[in-house]
Amino acid sequence: MASRAWADRVLQLLRGMNSFYTAGSHRSQCLPFEVDGVQVGWVPPIVASHLEPYAEVFSVSPGGAVSLSPRLNSYESRSEAVDVVLQTLRRQASFSCLRGWRDEKYSVMARFCDPPLMWMERAATSLFGVKRYGVHINAYTVSTSGELSMWLARRSPTKQTYPGLLDNMAAGGLAAGVSVKHTAVKECEEEACVPASLANKAVPVSTVSYTYEDEEGVFAENQFVFDLELPQDFRPAVGDGEVQEFYLLPITEVQQLLATDDFKPNSAMVVLDFLIRHSFIHPDTEPLYQEFVSGLHQQL
C-alpha cells in the first residue's frame, strides 16, 4: 500500500483538477454559454462584460445566459463571427490566455457524439468554458520477467504551458475534424518519433475527465487515453521540440512521482488511471480507491 501522505497528495491533485465543482468555486456566478439553444459551456462574469459591446454576435442576459445572435445560424457563420470578436480581444490584450493564440480550431458541441455547432480558437476556449478534448498515450514496456516500466517525457522549457514538467510520452489536443486515433498516431510520430506502424498498436482504454478554473477561465477537459506497449529495444526520440528528454522508469518510481510537483497535473491523472486499471492500486490496500476513481471521471 502506498503511504497515506502519497494518497493525500494525489487526492489533493484530483480535487484541484475538479475545482469547478467544489465549494467556493465561481460556478454559481458563471453564465451558461448557449449555441442554438444548447448549453455548451460556462462564461465567467468578467468575460461576459467584455462580450456585451459585440451585440451583433453575442447576447448577454444579466443573470441569464450568453448566447449567439439568431442570425448566426450555421457552423461557418458562428465560427467566423466569434473568431472576429476574439481576434479583436486579442489585439486589445483583454485576456492573458489569448497571448497563447495557437491558430488551432477546436470543435464546440454539448457532447462529443453531437455534431459540432462551431469551432473556436483553442486559446480562447477557457473564456467560454467549452469542452476540450485531447489524447494521451501511456507508453510502457514489459521485461521478460514481467516487470513493467513506463516512458515519460520531460516537457520543453519553452512550452507555453507547464514548461519543464514530466508528461506522458505523447499527448495532444483534438483539433476540429480530426479523429481520436489519427491524433494519437500523429502525436506519437511528431513528439516521440514512434513510427506509424508501431503507434497504430496503441489501444484506446479509457477517458479521464475533469473541470477546473483559474485566472484564465474554466477548463472542462476530456482526455482519450491509449495504452501502447513498446518493444524493450525501442527508444523514443525527440521530434518536434515539445519534449527535451525521455525517461524509462520502473512503474513504482512513476507512481511516487505522481505525488510531486514535477508532473503535469492532467498527465498525472492519466498515469493514475493506468495504475488503477493495471491493479498497481487496489481497493483492498488503498482506502482512497473510490475517491481516486471518481476524481478521474467527473461529468463534464
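Throughout, residue positions are numbered sequentially from 1 according to the sequence presented.
- The local environment of CD in Gln290 is sparse, with at most 12 non-hydrogen atoms from other residues, nucleotides or ligands closer than 6.0 Å.
- In this structure a side-chain-to-backbone donor-acceptor pair under 3.5 Å is present from Glu191 to Ala171.
- Considering only heavy atoms from C-beta on, Leu275 comes within 4.5 Å of Leu258 through its side chain.
- The number of heavy atoms from other shown groups lying within 6.0 Å of CZ (Arg277) is above 12.
- In terms of modelled atom types and a separation under 3.5 Å, the side chain of Arg155 and the main chain of Tyr162 share a donor-acceptor contact.
- Exactly one of Leu152, Leu248, Val194, Asn138 qualifies for a side-chain contact (heavy atoms from CB on, under 4.5 Å) with Met169. That residue is Val194.
- Val293 and Leu296 end up in the same hydrophobic cluster when Ile, Leu, Val, Met, Phe, Trp and Tyr side chains are linked at under 4.5 Å.
- The side-chain heavy atoms of Leu272 and Leu13, taken from C-beta on, include no pair separated by under 4.5 Å.
- Asn73 CG to Leu68 CG: the interatomic distance, rounded to the nearest 0.5 Å, is 11.0 Å.
- Side-chain contact between Phe219 and Thr211 is absent, with no heavy-atom pair separated by less than 4.5 Å.
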Working for salt bridge (charged side-chain N to carboxylate O under 4.0 Å, His left out), residues Lys159 and Glu242: CA-CA 7 Å; Lys159 286 283 289 182; Glu242 295 194 7; 3.0 Å; yes
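- Between the side chain of Asp273 and the main chain of Met269, no donor-acceptor pair closer than 3.5 Å is present.
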Stepwise side chain to side chain contact (heavy atoms under 4.5 Å, CB included) check, Leu31 with Val47: CA-CA 10 Å; Leu31 282 67; Val47 177; over 6 Å; no
Worked verdict on Ser96 versus Arg99 for side-chain hydrogen bond (donor to acceptor under 3.5 Å, both in side chains): CA-CA 6 Å; Ser96 61; Arg99 292 199 295 266; 4.6 Å; no
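- Of the inter-residue distances, the one linking Arg78 atom CZ with Met118 atom CE reads 8.5 Å to the nearest 0.5 angstrom.
- The hydrophobic cluster containing Leu249 also contains Met150, counting ILVMFWY residues as joined when their side-chain heavy atoms lie under 4.5 angstrom apart, directly or transitively.
- By the 4.5 Å heavy-atom criterion applied to side chains, Leu127 and Leu98 are counted as neighbours.
- Looking only at side-chain heavy atoms (C-beta outward), Val135 and Lys186 stay at 4.5 Å or farther from each other.
- Taking both residues in full, the closest heavy atoms of Cys30 and Val218 are given as SG-CG2, 4.4 Å, listed atom of the first, atom of the second, then distance.
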Test side-chain hydrogen bond (donor to acceptor under 3.5 Å, both in side chains) applied to Ser145 and Ser143, step by step: CA-CA 5 Å; Ser145 60; Ser143 70; 3.0 Å; yes
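- For the pair Pro44/His26, no side-chain contact is recorded, criterion being any heavy-atom separation below 4.5 Å from C-beta on.
- Leu14 contributes atom CG, which lies 8.0 Å from atom OG of Ser294 (distance to the nearest 0.5 angstrom).
- Residues Met109 and Val35 fall into different hydrophobic clusters, defined by Ile, Leu, Val, Met, Phe, Trp and Tyr side chains chained together at heavy-atom separations under 4.5 Å.
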Audit row: Tyr106, Val130, side chain to side chain contact (heavy atoms under 4.5 Å, CB included) steps and yes/no: CA-CA 9 Å; Tyr106 271 23; Val130 299; over 6 Å; no
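- The shortest heavy-atom contact between Lys264 and His136 is NZ-CE1, 4.3 Å.
- Of all the heavy atoms in Glu189 and Ala196, the pair that sits closest is OE2-CB, 3.4 Å.
- Of all non-hydrogen atoms in Ala202 and Leu228, the two that sit nearest each other are N-CD1, 3.6 Å.
- Listed here is the closest heavy atom pair of Ser49 and Ile46: OG-O, 2.7 Å.
- The main-chain N or O of Pro115 is never found under 3.5 Å from a side-chain atom of Tyr75 such that the two would form a donor-acceptor pair.
- Remark: the backbone N or O of Ser94 is not paired with any side-chain donor or acceptor of Gln92 at under 3.5 angstrom.
- In this pair, Phe280 and Phe274 present their aromatic rings parallel. The plane angle is below 30°, not in the 30 to 60° band.
- With hydrogens and angles ignored, the 3.5 Å screen pairs a side-chain donor or acceptor of Ser79 with a backbone N or O of Trp119.
- For CZ of Arg71, the number of neighbouring non-hydrogen atoms (other residues, nucleotides, ligands) closer than 6.0 Å is greater than 12.
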Steps toward side chain to side chain contact (heavy atoms under 4.5 Å, CB included) verdict (Ile137, Asn168): CA-CA 6 Å; Ile137 297 92; Asn168 301 115; 5.9 Å; no
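- A donor-acceptor contact shorter than 3.5 Å links the side chain of Ser126 to the backbone of Glu216.
- Side-chain atoms of Thr285 never come within 3.5 Å of backbone atoms of Ile281 as a donor-acceptor pair (strictly under, hydrogens ignored).
- Counting heavy atoms from C-beta outward, Met120 and Leu86 have side chains that approach closer than 4.5 Å.
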Steps toward salt bridge (charged side-chain N to carboxylate O under 4.0 Å, His left out) verdict (Asp262, Arg154): CA-CA 9 Å; Asp262 199 28; Arg154 174 75 68 184; 2.7 Å; yes
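- For the pair Lys181 (side chain) and Asn200 (backbone), a donor-acceptor distance under 3.5 Å is present.
- Looking at Asp261 and Arg9, a side-chain N of the basic residue comes within less than 4.0 Å of a carboxylate O on the acidic one, giving a salt bridge.
- Leu230 and Phe246 fall within the same hydrophobic cluster, defined by Ile, Leu, Val, Met, Phe, Trp and Tyr side-chain heavy atoms under 4.5 Å apart, directly or through other members.
- A distance of 12.0 Å separates OH in Tyr140 from OG in Ser149, rounded to the nearest 0.5 Å.
- Closest approach of Leu11 to Phe292, counting heavy atoms only: N-CE2, 4.1 Å.
- Under the 4.5 Å side-chain criterion, counting only non-hydrogen atoms from C-beta, Val208 is in contact with Tyr210.
- For the atom pair CD of Glu286 and CH2 of Trp6, the computed distance is 6.0 Å after rounding to the nearest 0.5 Å.
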Val243 vs Asp167, side chain to side chain contact (heavy atoms under 4.5 Å, CB included): CA-CA, chis, key distance, verdict: CA-CA 9 Å; Val243 172; Asp167 203 344; over 6 Å; no
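- Looking at Lys131, its side chain never comes within 3.5 Å of a backbone N or O of Gly41 through a donor-acceptor pair.
- Atom CD of Glu213 and atom OG of Ser25 lie 5.0 Å apart (nearest 0.5 Å).
- The aromatic rings of Phe33 and Phe128 lie tilted to each other, with the angle between the two planes from 30° to 60°.
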